[in-house]
Amino acid sequence: MPAPDGRNSAGASRPDPAEGSSRRDTAADYLSGLNPEQQAAVLHSKGPLLILAGAGSGKTRVITTKIAYLIREMGVNPESILAVTFTNKAAKEMAERASRLDPRASRATIRTFHSFGAWLLRRNAQAAGLPSSFTIYDDSDTLSLLSAVNQDMTRTQLSPFSRWISRAKDYCLGPDSPELNRITSEDSFPAIYKAYQERLTKAGAVDFGDLITRCVKLMRDEPGVRARIRQRFSVVMVDEYQDSNVAQYEFLRELCGPETYICVVGDDDQSIYRFRGAEVKNILTFDERFPGTTVIRLERNYRSTQNILSIATAVVENNSGRLGKTLIAQRPGGGKATIAYLHDQDQEAAYCARVVAEHRKSGGRYGDVAILYRTNAQSLEFETAFLRLGIPYQVVGSLKFYEREEVKDTLSWLSFLTNPLDEVSFRRIINKPVRGIGEKSIERIVASAVRLAAGGETEPFLIACEEAGGMREGEALASKGAAGARSFVALAKTLKILLGPEVPEASASPETPEPEVAGIASTAAEAARVSTTPDPRTVEIAVEAGAPVKPGKGNGKKSRRREPEGLAAFVQRVIMDTGLADYHKGQDEIQGSQKVQNLEQLINGASSYPADRAGLSSFLESIALDRSLAIEGEELDGVVLITIHNTKGLEFPVVVVSGMEAGLFPREEEEGEEREEERRLFYVAITRAKDALFFTTCRERRLWGRLEEMYPSPFLAEIPRDLVETVGSYGGAEEAVGGGEWAAGTAVFSEEYGSGVICRRWHAADQLMVEVEFESGRRAKLFPKYNKLERISRDGF
DNA sequence: GACAGTGAAATTTTT
DNA sequence: TTTCACTGTC
């Protein structure tokens, strides 16, 4: 174990002897429920630790217990503990559970990689070459900036570049790196990347990748910062380590000095983010890169029945390059899984509805059932069917709330008020609602602003607008545009004043734990200040905004609403004063959309933040880094519709893996790494199930309006036949698929074509005929009786 | 410079 | 089915 944090605990590494026995009792309490491997993981204290935690093996429990144990038994200062996760949900859960074990754990830093990066950069903005109020750009902002810099190219042309840039950053490659050819062979990429990066920096903004790569650079260039950070965090833990990318590995390397205790937890079989740069190699080679590593395997599974785990194991064994784990069920019993062969999505949805109904009949809840799919688009059929059948459901993720036009508009205003260099936001709001400033004029203003910024001007866009409005020396626009520019400037200035003065830069020792109480007190005062000066219009329009949007829906009673509090009052004011409220109200009337409602939701989301600059910054940051934020709806009992990626870390009594069709899941037909990743995804899906597991596959599917003929996923053939039963028919009654030796989904071998999977069967000339999709990618129609076709299986069937 | 209309293309997963 | 780029008209 590391020496306890120097600042707080010199000499305090041993628990007070007087308290010793009672502490040990408590320790016994929370350790006794752990199995031997879990205990070993908690108690481990020498050298790096890699915990290979199989699905459902109590991973979070081990981490949180370890945090509590470090604090209680090892005398580690909670502030010295850093735990990083990949999703906000995981971070939140970890923090909550650790705090429940020991309230002091709430003082530990438990964040996502990206949010920790943002935290570090804000506190060391100057050293990192950023304004402390830097804006975080999401992917669409990145694309906007790219198209601003490359005006001769369309967004469609630029979108691959946007992907390549973020991939390059995943690998920690800058615009000048000679290794960029690993990303793409496109010749123009380095130049476009470079121009983008320069402009991004000029805009006082960072993208997601920067949140990691800039930290790596900061730690390398500034030994002082690195030393402080290493002193602050003597314990570093990483969850879901299999999803880390190269840049995150580099970051970790910088965070960990010789004294740091490092513990990573992960499961190589659940690595499913390769497409965005995750490197399974990080976990596969951890013990080489961190010499002296102890590896502990958690293979006891507390979630699923053995049958489910056997399926999962059989499937994932088809992958190569694994560290290897075998899950052992701790729960008894469990029946077979089911493969349902269905005709189309309607049948698929109907089948799922039946699964739900049966589960309900045996006393279960709607929320016990999860329907998993590969792509978000697949949720639609389930939604419409469930709506019609009166089955409550909830769609997890995919809530593109923050990508909506009206929300983005508002956020752009808020960003621009926080960061006057923010070009992307400026472009978005300068002429919305229309102020008579068209494309040409915008380009002229931006060009002028870029010049001004180069001269050190801190508010280049406002100054450039003043020029355009004829308020100062420079190129003025024609009358209509000039008036628009003037009104924009006036608006921005009013709102800025309302927001209050700039916050002073961070103090000298930025990584010292901050006394949080002081911050809240001052911000509460600020909150009061803003909300006590309401614009009379605010109230009036707020009431209108609360009125029913669609005729015939809602009522007038709702209009007696509470006045927005805290930052919400300011956000509302921005929406009103900028004219966005009226503009989108108009849109609602034309299109029957719910933009005003969405804006209200956004206002509500701001209410828990203090109404000052700091509050606004943290509001914007949490939105940028946690897109699932606004879903805080009431907890209703409904069937869960969710993508497989989103299920990571979740479990459900009943799981339906839908859309098991070649080309859809797995997505690509090719073999290799891509296929292995899809298989891991399949493995994740299977291991979410506690009691019952279903697979559905359709013969045809409506994809973007067209009807496509589909074939069963080759993954179905990897499921040992004795662990599943099949139901359903593929078209006509005679073609029942369940029985028969040559069912669809059966793995076969042909001397001529190699191995493959039967995707279809029917009768031709009184003989059974099957269509086989071979691994070579070829398809062939064969008579099992006449062509040499063997059935194969790996379970000795 | 705004905006409506047309035609064509595109759909994976997320911090 | 939706989104985006491009064209033509006011």
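Since the structure is predicted, the reported quantities are computational estimates derived from the model, not experimental observations. Note: hydrogens, waters and symmetry copies are ignored here, and every other heavy atom, side chains too, is used. Residue numbers begin at 1 in each chain, while the letters A, B, ... track the order of the sequences.
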*Run the ring-ring contact (aromatic ring centres under 6.0 Å, His included) check on A/Tyr171 and A/Trp164 step by step: do they pass?*
CA-CA 11 Å; A/Tyr171 285 93; A/Trp164 292 328; over 10 Å; no
*asked:* Please tell me whether A/His645 and A/Tyr273 form a close aromatic pair, meaning their ring centres lie under 6.0 Å apart.
replied: yes
*With a 4.0 Å cut-off on heavy atoms, is A/Asp139 in touch with a base, just the backbone sugar-phosphate, or nothing at all?*
base
*Examine distances only and state if a side-chain atom of A/Thr697 and a backbone atom of A/Met660 form a donor-acceptor pair shorter than 3.5 Å.*
yes
*Would you say the side-chain atoms of A/Asn150 pair up with the backbone N or O of A/Met153, donor to acceptor, closer than 3.5 Å?*
no
_Options C/dA5, B/dT14, B/dT13, nucleotide nearest the side-chain atoms of A/Arg276_ = B/dT14
Close N or O pairs between protein and nucleotides 6-10 of chain C (under 3.5 Å):
none

*Taking OP1 and OP2 of B/dA9, is either one under 4.0 Å from a side-chain nitrogen or oxygen of A/Thr156?*
no
*So what does A/Asp210 hit on the nucleic acid, given a heavy-atom distance under 4.0 Å: a base, only sugar-phosphate, or nothing?*
nothing
*What nucleic acid atoms does A/Phe208 come within less than 4.0 Å of, heavy atoms only: base, sugar-phosphate, or nothing?*
base
_By the 4.0 Å heavy-atom rule, please label A/Ser115 as base, sugar-phosphate, or nothing._
nothing
_Base B/dT13 to side chain A/Arg374, donor-acceptor N/O within 3.5 Å cut-off_ = yes
*Would you classify A/Tyr273 as touching base, sugar-phosphate or nothing, given that sugar-phosphate means primed atoms plus P, OP1 and OP2, and contacts are heavy atoms under 4.0 Å?*
sugar-phosphate
*Salt-bridge contact A/Lys59-A/Glu240 (side-chain N to carboxylate O under 4.0 Å)*: yes
*Between A/Asn88 and B/dT14, is there a side-chain N or O to OP1/OP2 distance below 4.0 Å?*
no
*Rounded to whole angstroms, how far apart are CD on A/Glu674 and C1' on B/dT13?*
11 Å
*Taking C-beta and beyond as the side chain, do A/Ile437 and A/Ile442 meet within less than 4.5 Å on heavy atoms?*
yes
*asked:* Base, sugar-phosphate or nothing for A/Leu380? Non-hydrogen atoms, less than 4.0 Å.
replied: nothing
*From the options B/dT14, B/dT12, C/dA5, select the nucleotide whose nearest atom is closest to the side chain of A/Asn646.*
B/dT14
